[in-house]
Structure formats: C-alpha cells, structure tokens
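Throughout, a chain's letter reflects where its sequence line sits, starting with A, and its residues are numbered from 1.
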There are 2 protein chains.
Amino acid sequence: MGVPPRFEPVRPVRAYERIVEQIEDRVYRGLLAPGERLPSEREMMAQFAVSRSTVREALRVLESGGLVQSRPGDPRGPEIMPFSPAALRKSVTRMVQVDEVGLGELVQFRMLLESSANLLAARMASAEELDAMDEALAAMTAAIDRGYEEFSRADVAFHDTVARASRNTLIEVCSDVVRGVVLGLISHKIAHSPDQRELMEQSMRHHAEVLDAVRSRDGARASRLARETLYAYYAGYVSEAERPMLRALLEE
Amino acid sequence: MGVPPRFEPVRPVRAYERIVEQIEDRVYRGLLAPGERLPSEREMMAQFAVSRSTVREALRVLESGGLVQSRPGDPRGPEIMPFSPAALRKSVTRMVQVDEVGLGELVQFRMLLESSANLLAARMASAEELDAMDEALAAMTAAIDRGYEEFSRADVAFHDTVARASRNTLIEVCSDVVRGVVLGLISHKIAHSPDQRELMEQSMRHHAEVLDAVRSRDGARASRLARETLYAYYAGYVSEAERPMLRALLEE
DNA sequence: TGTAATTTGTTCGTATGTATA
DNA sequence: CTATACATACGAACAAATTAC
C-alpha cells in the first residue's frame with residue numbers, strides 16, 4: 001500500500017549456472033531419474049551451445065552437490081545419483097569447523113532429535129521394525145567383546161532403525177548427520193578411554209531400556225530416556241559453560 | 001578380532017578436488033577469514049601448478065558451497081564469504097523436490113524444532129531478546145492492515161528472534177530453513193485464502209500467547225503452544241494420511 | 001583376450017567485457 | 001580518461017581411462 005515497489009539487485013548470471021539450473025530442474029521434475037545418464041560433455045557442449053569448459057564447470061558444481069557423478073572414459077556419460085545426505089553432512093561439518101556451532105549445541109540438537117525419534121517410534125513402529133531393533137541390540141551385545149569399532153557400528157544401526165521407525169525422513173537424515181559429526185569430534189576420545197568396556201555395557205543397558213519403552217508404546221518414557229542417555233554419555237565432553245543448556249532439556 | 005581387515009574402494013582424486021581441500025582447510029583453520037581474498041586465478045594457477053580451467057573448476061565448487069565469491073574484473077581476487085545457511089537450504093529443498101519428504105514430514109519437523117526453540121527461549125531469553133520479541137509482535141499487529149506479504153515478514157522476524165534466544169545455532173538455522181521450504185510450498189495458498197485477515201489475527205493472538213509463556217519462563221507451555229499453533233495452521237494443508245503423524249506430537 | 005573407439009581429465013592459447021587505480 | 005589486471009568464455013589439443021566389439 002504505502003510501500004513503494006522496489007527493484008531487486010541483480011547478480012550477473014554465468015553460463016554454467018544456467019546449465020546447472022536446467023539439469024537440476026529436470027531432475028526435480030522426475031524427467032531425469034537416478035541411474036539415468038546425462039549426454040557426454042561434447043554432446044552437452046553442442047546442445048547448450050557453450051564451450052566444454054563451461055559444461056565442465058556446471059558438472060563440477062552438480063557433482064559437488066551429489067546430484068551427478070562422472071567418471072573418466074565412461075561413454076555412457078555422467079550418472080544421475082540418488083539422494084544422499086552427504087551434502088547435508090558437509091554443510092553441518094562446515095558450520096562446526098568455522099566455529100559457528102560447538103559440541104554442546106550439537107549434542108543438544110541430537111538430544112531433541114532422538115527424543116522425538118523415540119517418541120514417534122514408540123507410536124509408529126511396526127512388528128518388523130521392533131524385530132530389527134531386537135537384532136540390532138543383540139548385535140551390540142555381541143560386539144562388546146569385539147572392540148569399540150564394531151560396537152559403534154552396531155550402535156549406529158540401532159539408532160538408524162529407531163529413526164526409520166519414526167516415519168520421518170528429515171528426522172532420520174538429520175539424526176544420521178548430527179550423530180556422524182558428533183562422533184567425528186570425539187570418537188577418538190572414546191576409543192582411547194580406559195573404562196571403554198564399562199561404557200559399552202552401560203550403553204547397551206540404556207539401549208535395552210529404550211527398546212523396552214518403545215515396545216511398550218510408552219512414548220514419553222522413550223523420549224525421556226533418549227535425553228537422559230545422551231546427557232549421561234556426552235556431558236563429560238561438553239564444556240561446563242554449555243552443560244546447563246543440555247540440562248534444560250532434561251527438566252521438562 | 002575375527003573380522004578380516006578390508007580395503008576401501010578408491011575413487012580417483014582429481015586435481016581440482018585437491019585445490020578445494022587446501023582452500024577449505026585454510027578457511028577451517030582460520031588462516032583465511034571472511035572478507036579476506038584469495039589470489040587471482042592466474043596467481044593460483046602458478047601456486048598450484050595447474051591450468052586455469054582446473055583452478056576455475058575448484059572456484060566454482062567453492063562458490064556453489066557458499067565459501068567464496070568471485071566477481072569479474074575484481075583485481076583483489078575471490079572473496080572469502082561468511083557462513084550462510086544457503087547450502088543447507090539447498091540440500092533440504094532438494095530432498096523435498098525429489099519427493100524424499102512431503103509436507104507432513106516438514107511440518108512435523110518444524111513442530112519439534114519450534115517446540116524446542118520455545119522451550120529453550122523461555123529459559124534463556126535475555127531482557128533485550130524479550131524486548132525484540134515485543135517489537136516483532138507489534139510489527140505483526142501493525143502489518144495486519146498492510147497485507148499478507150508484510151505480515152509474513154514480521155512473522156518470520158518473530159520466529160527468528162525466538163530461535164536466536166534458544167542459543168542454539170543449529171536450531172536457529174534449521175528452523176529458518178524448514179520454515180522457508182514450508183512457506184515456499186504453500187504461501188501462495190495462504191496469500192489467496194478468503195479468510196486471510198482472520199488467519200492473520202488468529203496468528204497474532206497465538207504469537208502473543210507464546211510471548212507471554214516465554215516471558216513467564218513457562219517453557220512447557222511455550223513448547224506446547226508451538227506444537228498446537230503449528231498444527232492449527234498447517235494441518236489443513238497436510239494430507240489426511242499424514243495428519244495422525246502430526247497429532248502424535250500433540251498428545252504428549 | 002586384445003584392440004579400437006569414445007570419453008573424461010587436463011593443459012594451453014586467445015578474445016572480450018569489466019572493475020580498480 | 002587511460003592503463004592495467006581481472007574474470008568470463010571459447011576452442012584446440014594430448015594423455016589416461018573405460019567400454020564395447
């Protein structure tokens with residue numbers, strides 16, 4: 001009404017960006033599905049009417065986003081890739097690297113993600129998914145004697161199963177990403193911990209409790225257990241200044 | 001123990017990737033801060049001992065990740081950029097575009113994010129932040145007469161203030177991203193809604209309630225209000241099949 | 001199995017428009 | 001206003017890798 005219509009600042013659009021847009025658009029519309037192939041660089045050079053360097057810049061950008069993958073000498077052309085959380089993981093990793101976020105915030109975020117995942121899993125999990133959790137828990141138990149590496153893999157599998165049972169892909173993917181970043185920051189500390197075996201046994205008991213709550217369809221308890229367990233595990237690695245932030249999620 | 005050590009599959013590392021790694025590494029170590037400049041393409045071509053095209057491919061990848069920005073004719077060279085959630089937003093947008101996640105999951109995720117943001121804001125918000133929320137709410141009230149565009153901007157400002165008060169950058173950024181994607185999917189429906197004015201007034205009342213709960217340091221209430229408000233707003237746009245997923249977050 | 005054809009990875013040289021000093 | 005240095009974009013060429021016959 002009283003607001004004068006204003007123009008937007010323009011940034012020169014480079015040739016390779018137009019190519020990226022066109023290809024992204026086709027993928028989004030489903031006209032180009034994972035597994036299918038893009039034309040060869042020389043073919044695209046002709047279709048887009050640009051030089052090969054320009055085509056290659058576009059391909060490098062698409063590749064860094066995980067949308068395509070090109071391999072030398074492959075006459076079938078660059079491959080359209082299925083979705084992968086790799087790009088998301090890189091973004092979060094960068095936030096951590098440039099000190100935009102610290103370990104405390106990561107753990108806090110993981111607490112709220114897993115808390116929600118457990119709540120939803122308790123409500124939604126199918127019999128098959130409960131069985132899968134059983135298996136994952138058994139794998140954890142068996143892995144205690146085989147070292148932290150193996151135990152960590154089984155632990156990840158358990159959390160993955162629960163997250164998938166939440167029936168929310170965003171929760172699933174974000175949990176995976178944040179868990180990966182947290183482990184990347186402190187897994188070496190755990191791996192060299194003197195009371196490593198006790199940590200694993202304690203973890204196993206906590207996971208058994210979670211599974212029990214999920215199976216009993218007790219979402220509130222499963223949710224609370226997630227927060228408590230994560231706090232018990234990671235609070236020691238978080239600076240004292242950030243610890244009250246984590247406790248805020250416990251006293252609900 | 002019994003596990004035979006296995007080799008990892010190798011992917012040929014291309015020249016431009018090594019360049020990207022070196023530059024990313026310097027930025028992560030703080031040796032290259034936002035605002036600083038990279039050498040010119042010709043200079044890098046000499047330092048990395050590669051061709052111009054290779055340097056350019058690396059720069060395009062870094063640019064698509066939001067890490068640097070180069071402009072034609074600028075003799076100071078490509079600029080190191082501060083962190084921006086643009087890359088994160090793009091990843092999430094892609095997940096939505098390829099139908100990996102639907103509106104229901106997005107809204108559910110937003111419910112748990114804002115629920116947590118409100119909970120933490122009630123505990124952590126400073127007097128200045130409470131004042132900022134007051135201002136944002138006043139702006140919303142004033143914007144009701146100026147149309148949905150303006151109201152939406154004020155609404156976003158309010159949520160941003162609350163998210164920032166949570167003192168968790170991940171929550172802040174993810175809320176911003178998911179909110180943007182959701183609005184991108186349905187803002188045109190709201191903009192053409194016949195009972196638009198009533199929606200805005202209702203929204204304003206809900207936000208006033210949230211602010212009251214935050215100011216009273218009543219985290220549980222602020223948290224519950226976030227979930228209820230979002231459900232009341234967006235459930236109508238979500239398919240009936242997905243709606244029970246949202247309700248699961250209400251009955252806690 | 002080996003060979004030929006095709007493709008990508010990379011380099012080099014050049015022309016053009018643009019921003020800074 | 002001019003000179004300089006820059007980024008954008010083009011095109012040709014060679015080596016290495018992959019597929020297919």
Open item on the list: With salt bridge (Lys or Arg N to Asp or Glu O under 4.0 Å) as the rule and sequence neighbours excluded, what pairs involving residues 162-173 of chain B come up?
Closed with: B/Glu129-B/Arg167, B/Arg164-B/Glu172

Task: A/Glu43: partners by salt bridge (charged side-chain N to carboxylate O under 4.0 Å, His left out), with sequence neighbours left out - done: none

Task: Positions of residues 57-64 of chain B (non-hydrogen atom under 4.0 Å from DNA chain D), listed by number - done: B/Arg60

- [ ] Report yes if a side-chain nitrogen or oxygen of B/Arg71 is closer than 4.0 Å to either non-bridging phosphate oxygen (OP1 or OP2) of D/dA7; otherwise report no.
- [x] no

- [ ] Looking only at side-chain atoms of A/Thr54, point me to the closest of D/dC10, C/dT10, D/dC6.
- [x] D/dC10

TODO: Would you indicate what A/Glu41 reaches in the nucleic acid, counting non-hydrogen atoms under 4.0 angstrom: base, sugar-phosphate, or nothing?
DONE: sugar-phosphate

Could you list the protein-to-nucleotides 13-18 of chain C atom pairs, N/O on both sides, closer than 3.5 Å?
none

- [ ] State which residues pass salt bridge (charged side-chain N to carboxylate O under 4.0 Å, His left out) with B/Arg110; sequence neighbours excluded, sorted by chain then number.
- [x] B/Glu114

Less than 3.5 Å apart, which donor and acceptor atoms pair up between the side chains of residues 77-90 of chain A and the rest of the protein, not counting sequence neighbours?
residue, atom, partner, partner atom, Å
A/Ser84, OG, A/Ala86, N, 2.9
A/Arg89, NH2, A/Asp176, OD2, 2.8

TODO: To the nearest 0.5 angstrom, please state how far the CG atom of A/Leu38 sits from the CD1 atom of A/Ile23.
DONE: 4.5 Å

Open item on the list: I'd like to check the side chain to side chain contact (heavy atoms under 4.5 Å, CB included) partners of A/Arg52; sequence neighbours left out, ordered by chain and number.
Closed with: A/Glu41, A/Arg42, A/Met45, A/Arg56

Open item on the list: Over all strands shown, is B/Arg56 touching base, sugar-phosphate only, or nothing at heavy-atom distances under 4.0 angstrom?
Closed with: base

Side-chain atoms of residues 65-74 of chain B: list all donor-acceptor pairs with protein atoms under 3.5 Å, sequence neighbours left out, distances to 0.1 Å.
residue, atom, partner, partner atom, Å
B/Ser70, OG, B/Arg60, NH2, 3.0
B/Asp74, OD1, B/Arg76, N, 3.0
B/Asp74, OD1, B/Arg76, NE, 3.1
B/Asp74, OD2, B/Arg37, NH1, 3.3
B/Asp74, OD2, B/Arg76, NH2, 3.2

- [ ] Could you pick out which residue, A/Ala49 or A/Arg76, lies toward the 5' side of DNA chain D when each is mapped onto its nearest nucleotide?
- [x] A/Ala49

Task: Side chain of B/Ala15 - closest among D/dT8, D/dA7, C/dT10 - done: C/dT10

Open item on the list: Can you list everything that forms a side chain to side chain contact (heavy atoms under 4.5 Å, CB included) with A/Ala154? Sequence neighbours excluded, please.
Closed with: A/Ala139, A/Met140

So which protein nitrogen or oxygen atoms get under 3.5 Å of nucleotides 2-4 of chain D's nitrogens or oxygens?
none

Open item on the list: Test: ring pair (Phe, Tyr, Trp, His ring centres under 6.0 Å). Region: residues 137-171 of chain A. Which pairs qualify, not counting sequence neighbours?
Closed with: A/Phe158-A/His207, A/His159-A/His207

TODO: Tell me, please, which residues at least two apart from A/Asp131 pass salt bridge (charged side-chain N to carboxylate O under 4.0 Å, His left out).
DONE: none

